[in-house]
Structures are given as C-alpha cells and as structure tokens.
Amino acid sequence: MTSQRLTTGALLRYIRGNTTEKANLQVVGIKPIESKTDDPSGSAKRYRLMLSDGKSTFSSCMLGTQMNKLIETNTLKENSIIRIDRVMVNSIDKQNGRVMLMLYEIEVIESDFERIGDPVALPLTDIINSGPNANRLEAATNNPPAASAAAPTTNVIRQGAKALPTLDDRKKPNGDNRAAAKGANVIDKERIINIDTLNPYMNKWTIKARISNKCPIRTYENARGPGKLFNCDLVDKSGEIRATGFNAECDRLYSMLEIGEVYYITKASLKAANRQYNTTNSDYEMTFNHDTIIEACDVGEGENIPQVQYNFISISEIANRAANSVCDVIGVVKSTSDMQTIVSKASQKEFSKRDILLVDEKASISTTLWGQQAEEFDGSSHPVIAFKGIKIGDFNGRTLSVTNSTLTRQDPTETERTVELRVWFDNEGKLMDLPDLSKAGEAGNRPTVMKTLSQVIADGIGLGDKPDYVSVKAVVTLIKKDSAVYMMCPEGKCGKKIVDENNGTYRCEKCNKTYNSFKWAYMISAEISDTTGAQWVTIFRNEAETLLGVSAEEFGNHKLNQAESIVDEIISKAINHELIFKLRAKAEQYNDERKIRFTCVSITEIDWPAHGRRLLNEINQMEPVQN
DNA sequence: CCCCCCCC
C-alpha cells in the first residue's frame, strides 16, 4: 500500500468556488439518502459522502449517481482515498447560503486505507461565507449564486440572485387582495421562480410562463387501459420546460391553456426530461397533477415573458444526430414539391404530404409537411421557417418530418436568424449549390464517425474493398503549393490534365483534341495533423476552395503571373486552422504496394457553440439535490 | 402514465 498524501485545505477551496484543482481526499463517511420526493422511477438513489482533506471534513458531498456502483461493488468505502476530477458547488439553501459539493467525476486511488490524521468538521462560518468565486461557477450551472444569497437570513432581493424574482416581477398591484379573497389554496404570485431553477426536489414553487406550443389531445391504449394526454411547452426568460397533462388533468387544463398566453403555474410533478422527445433546454419535464393550479396572468402582466425559445442546430449538424430524435431547425424554403397523397401502412388511411427543401448557409435537407399544413403551404416567396421539435428521419440520408408537437413559425421575429438567413438567401444562398443531407449518395453528406489520425490507421480505415468514410479534427500543416493546381481540359466534364503545347494551344489526350484555352483545377496534396499523428490527403475543387478561400481560377492565375507572395499568403492563411475534415479512404494498388488514398470530401468549421453545448450538457447531467 | 405522426 503506497502512502497517499491528502490535499490539505482543498475542501475549503472547493466550497469557496475554486473547483479546478484535482484534490486527493479521504472518504470518512458514506450515507445513502432516502428519497423524500415522489420520484416515480425509484431509481434516484444517491449517496452523500463525508470527505476529509486530512485537517477538515465536510459532509455535504453528493456523489453523482453514475458512480453509485463504486459503492455497491465495495470499491468505494469508508477510508478510501479518492481523487476529485470534477466537482461543483451547489447552493442548497438560499436563506442561509449553505452549499454542497457535487461530485461529478472521481477516481478511487486507494480502496482500502486507514484513517489519516484527526480531521475536524469545517466551521459553519467557513461553509456559508463562500467567496465571490462561487458566483461565477454557479452561473455556469444555472443555479442560484451561493455567495449572493449567503450573508443575512432575510428576504432581501439581491442583484444577481437569479433564482429570486426581479422587482418588476413582484409588482402586482392587486395580487395581495385577490390572494386573500381566495383563501389558502391559491397561487403565491410574490414568489415566482425561474423555469431553469425548477427541479424534482423542490416542493413549493410558482412559475410565470407563456405557452409557446400546445399539441392536440391524443388518446392511447396500454396495459393499464385507455388514456389521453396533451403536451405543451412553457417558456419564461430563463428557459423552457415541456409539460404533460393526462386524463383528468387533460380534461381540466387543456381548454384553459392557450398558445401565446401567460399563466401562473404551481404544484406539478417534475422528472428527468426524455431527450428523445424533448428539445427544450430544461433537464426536467413537468406533469400536471391533481394539485396543479394554473391561473391566467392579468392582461399586460406577461409582456416581459418571451414568446418562444429555440435551440437551433444547423442543418449540417442534423447529419450527426440520431434518427427519430427531435431538434429545432431554421432555414429558408428553397423549393416546394407538389402535394402528394400517401396511404399509411399501419392505418390504411390517406394522408396529404408536401416536401420542402429547407436550406441554411451550409446545407439543405428535405422536410415533410403533413395534412392541412401541407395542403395550405405556399413556399413561392421562399420564406424563412423555424421548426421547434421537428423529427429527424433517415430515409436517403437525413430528412425532417413535422409531427403534431412541432411548432412551425414562418418568418419568426423572435430570432435574428430570420433576418440573417433572409439576407444571405437573397444575396447568394438562392444560387448556391449546397450539400443536400437527403441525398445519401453524396459523399460529403454521409454521417461519419470522428476519429483521431492514429485511430484511423489503427482501425484499418480504408483497408476494405469499399471506401470508408471518417471525420477527423485536424489542422493543415503542409500544402504542396507548386502542384496545388493543374491545367484542366476546358471541355465540360472531361476533367483531364491537358498538355500545354506552348504555342497558345492545349492538348487533351482523353478528348483527343486541341483547344485554345484551358481551366485551372485544384488537386492539392496536403498534410493534416492532430495531436496523435499526421496524414497526407488529397483535396479537390470544392473543398480546396473552402480551405484556401479563393477559386482555382484565381489561384492558377496568381501562379501563372508568378505572384509568389500572394500565393504564399493564401497558403499561409490556410495553415494551422483547426477544421473538421471528412475523408474518403480507399486502398489502391501501386505496383506491388497497397496504399490507402485519403480524399477530402468535406471541410467544415468546428461548430463551437454546439461543441460547447455538448460539454455543458455533460456537466449538467447531474441533477441538483436538496437535502 | 405518452413518445403514434404515416410514403418512398
């Protein structure tokens, strides 16, 4: 057994918001938490740990549920030494500023160990006087800032206390009287919380939200018999959440909720959101229950509540999403098909449909409208359309299909994307030939796995008889500039290299003709590199233009004019840029040697906002806990 | 507690 040193003082630093260090700590207590909530799944078992840094202990440490098995397999037990790989501070009591540590990732360094030192519990004053850093970190997790709520135990509203209502929200001239008149079972409009702070462990809350979408009542039948339900989306300035009303609640609430109107809502059940059917940015979804009270907001009182919240992904990003999942997409209607009628296999019923080609700056996708929407749709003015909660299909690549929970908005004013796309389409988009995700044959559109360059080799990509497609995140490290362009046959689709006869004529062997002109064409040999290795790849016309930012014509003419410095500048701008390269890998026989040829079929910028969202989703996987 | 949304 090796002796492990604990990271003295780490607990206090964590509590004060300095959560970046990877401290070694000792587990000095493990306690299962009994669920006080009406969690229906019963799967939300959690463990609370008391940790020691050798000098101090802290007992409000929640273990992420994905690590429960460490305890259940006896790997993590009393006196185990762990390394904290990812931790966050979470406010558990806004009144007195108590915080807890959320352990998102830990590693068990020593399973069996003896107690180190004689640590004592951190004093309460240290725990509640969390430093200003806590604010910054809390903001990232959408939780109320611990520090701003920390000091006095009064109800004073502080700037930046996200979970508490703003002064504007609290100005309710007639609210008190109405509440008093109606007795106890009434909505407390003085304590409105933001949708993004709702969680299953809260027992009293009221939100003030707009219904941004409501789908018609649907009936179903399962083992428990028939039932009915409706879904709606609730939005406020902090976020959005999906809500469902079943049976009695469907009868009671469906007709009173109107799209676009604002309501006070209190007492409903919350559970983890089902990501397959839910595009809201909330971690939870709401089920209306017997105790749910909903009251319409007075006229003019809901003006500061947004109409709708979108979480758009670009059309090209749809290639990376699972079939049958839902997403929010915005694009311009580039073309519209005629109406068609199809017969459903399942129900033998007839349905009208119409396909539109939806396009944004990078790609297009076939999008199906159904029923009345298909019949009435007129795309002749090439409108911008936003779809919230549209379903991704995988026929011939990727398609979109409107469902009855999809919110469709034509030329929506709530997003600046509408104007951006309008300007782009009218100026250039309408003439651009962009990859169509609904045409599987086009190599650049095919969904691929992302690998590192060393994995590409290790996994034998391209060794098979058929070409393999793979994506890598890499930088261009070298470009062979002298051979980047060649003189191509001017004849339509020939594409062959021509021979310069040096007398103003050019000979194409393939066409067996002599021409008075030629075209410049790209065929770039470039080395791309990531942290694991490097690879030479071939880059043709479209991808070369994306990479170098100039046409082959322009590049070739600079070369012809011996404008060396301009050529060098073009090349140097393309070097050391991190991009996503989609490659086709195919083994080819050169004499006795079998070599894999890598051809670049698309080059795209890294979608940093989407990349960031993915990281944030990972961070938010753990639910906040109230103890 | 639903999660079907149709076809090539």
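Quick note on labels: first sequence line is chain A, next is B, and so on, each numbered from 1. Note that these values count all heavy atoms, side chains included, but never hydrogens, waters or copies made by symmetry. Keep in mind that what you see is a predicted model, and the values were worked out from it rather than measured.
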(message) Under a 3.5 Å cutoff, is there a donor and acceptor pairing between the side chains of A:S347 and A:S344?
(response) yes

(message) Looking at A:Y277, I'd like to know if the NZ or CZ of A:K391 sits under 6.0 Å from its six-membered ring centre while staying within 45 degrees of the ring's axis.
(response) no

(request) Quick one: which residue pairs count as a salt bridge (charged side-chain N to carboxylate O under 4.0 Å, His left out) with a foot in residues 215-225 of chain A, not counting sequence neighbours? (result) none

(message) I'd like to know if the side chain of A:N247 reaches the main chain of A:K228, judged simply by a donor and an acceptor atom lying under 3.5 Å from each other, with no hydrogens or angles considered.
(response) yes

(request) Using a 4.0 Å cut-off on protein heavy atoms (strictly under), produce a 5'-to-3' string for nucleotides 2-7 of chain B with B for base contact, S for backbone-only sugar-phosphate contact, and - for none. (result) BBBBBB

(message) If I take atom CZ from residue A:F387 and atom CZ from residue A:F312, how far apart are they, to the nearest 0.5 angstrom?
(response) 10.5 Å

